[in-house]
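Throughout, numbering of the chain's residues begins at 1 and tracks the sequence. Numbering of ligands and ligand atoms starts at 1, following listing order.
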Amino acid sequence: MSKLFEPLTIKDVTMRNRIAVSPMCQYSSNDGMPNDWHFVHLGSRAVGGAGLVVVEATAVSPDGRISPADSGIYTDDHVEPFARITGFMEQHGAVSGIQLAHAGRKASVHKPWEGDDSISEEQGGWETIAPSAIAFGENIPKVPRQMSIEDIKRVQSDFVASTKRALAAGFRFLEIHFAHGYLAHEFYSPLSNQREDEYGGCFENRIRFLMETFAAVRNVWPENLPLAARLSVTDWIDGGVTVEESIKLARRLKDAGLDMLDVSHGFVTPGVDAVPWSPGMMLPHAERIGREAEIATTTSWLITEPQQAEEAVSSGQVDMVMLARELLSDPYWPYHAAKALGDDVAKDILPVQYARAVQ
Ligand code: 8OZ
């Protein structure tokens with residue numbers, strides 16, 4: 001049997017294989033509510049055979065949404081519609097995961113297919129907050145308000161309340177969004193954090209928001225359930241975060257109870273030319289961080305082929321792969337991958353309603 005289709009156990013949760021659906025924003029909610037779109041989108045990927053399905057970046061507060069159409073888990077009313085989705089996904093053999101996020105200075109923008117640019121307050125946008133009053137730039141010129149200590153505490157308590165709701169909704173895998181230039185990454189990167197208090201400056205201060213938020217979430221997320229974080233491990237530019245300091249941060253998070261690091265990159269500033277786009281580009285970084293920080297890892301980015309995914313896990317570069325776009329065009333990618341790898345599990349992946357007709 002291939003390694004890709006070997007189950008993976010983290011804490012008390014066993015995934016049937018090492019293929020995860022990476023969190024992908026759908027920009028299809030009204031006031032944060034998941035709806036039939038999310039049910040079908042996520043449910044289809046569970047039926048398609050993924051071991052873990054992670055719900056898109058889900059906001060911990062209304063101002064933490066990237067766009068007004070982001071999903072959110074900032075009221076108790078969000079729990080029930082998410083529970084319907086987790087119930088269906090688990091019934092079809094997938095572990096239900098969710099990514100919790102606050103978009104910081106990249107909040108209050110139009111959906112990608114409506115321009116991806118800042119929405120003014122007159123147009124229904126909102127005031128954004130960030131570690132420092134520095135705009136992202138280019139298509140997001142809105143200058144955020146520098147967060148006070150009270151703002152920091154408020155956002156951290158929003159992460160805690162959202163974690164409790166995620167648990168109530170039946171999720172068994174939680175990922176905190178520390179990547180892609182959103183709020184936590186804005187604290188981590190010197191490019192967006194120019195604070196002069198204990199939340200800015202040296203490494204210790206720049207990771208404080210992340211460490212405190214992580215500890216607060218870990219405190220309410222059950223010890224026996226996996227807690228992951230997605231981290232932009234490099235900003236790809238001088239003066240930004242580096243893989244070396246991200247290894248230090250990964251070790252610190254591991255000591256604080258991190259179960260898996262989702263290795264990602266960039267997006268804290270616009271127009272970075274140095275991104276080395278290539279197949280499996282983050283796999284060597286994930287391998288190094290996993291080895292040096294002694295932490296389980298996963299990654300995404302241009303992992304598209306069954307053999308490539310198999311090599312990534314069988315060579316020990318990562319414990320699990322996260323696929324995104326490939327799974328948009330083919331929810332049955334796990335089934336097709338098992339067939340391509342000649343794996344016997346292919347016959348068990350499709351639900352009986354389909355398997356009776358297709359093998
Ligand atoms: C990839 C690159 C930049 C942003 C997210 C919308 O992380 C994103 C995103 C994904 O939620």
For ligand 1, list every N/O pair with the protein closer than 3.5 Å, one pair per line with the distance.
residue: ligand 1; atom: 7 (O); partner: His177; partner atom: NE2; Å: 2.7
residue: ligand 1; atom: 7 (O); partner: His180; partner atom: ND1; Å: 2.7

For the ring pair Phe178 and His180, is the centre-to-centre distance below 6.0 Å?
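Distance test on ring centres: not under 6.0 Å, no.
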Ring centres of His92 and Phe88 under 6.0 Å apart?
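Judged by ring-centre distance (under 6.0 Å), His92 and Phe88 do meet the cut-off.
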If the threshold is 4.0 Å, N to carboxylate O, is there a salt bridge linking Glu90 and Arg172?
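The answer is yes: the pair qualifies as a salt bridge.
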Which residue is it: Asp343, Asp344, Asn17? I am looking for the one with a side chain to side chain donor-acceptor pair (under 3.5 Å) to Ser2.
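For Ser2, the side chain to side chain donor-acceptor pair (under 3.5 Å) test succeeds with only one of Asp343, Asp344, Asn17, which is Asp343.
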Considering residues, nucleotides and ligands other than Asn224, do more than 12 of their heavy atoms fall under 6.0 Å from its CG?
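Enclosed.
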Pairing donors with acceptors under 3.5 angstrom, does anything connect the side chains of Gln194 and Ser132?
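Absent: no donor and acceptor within the cut-off.
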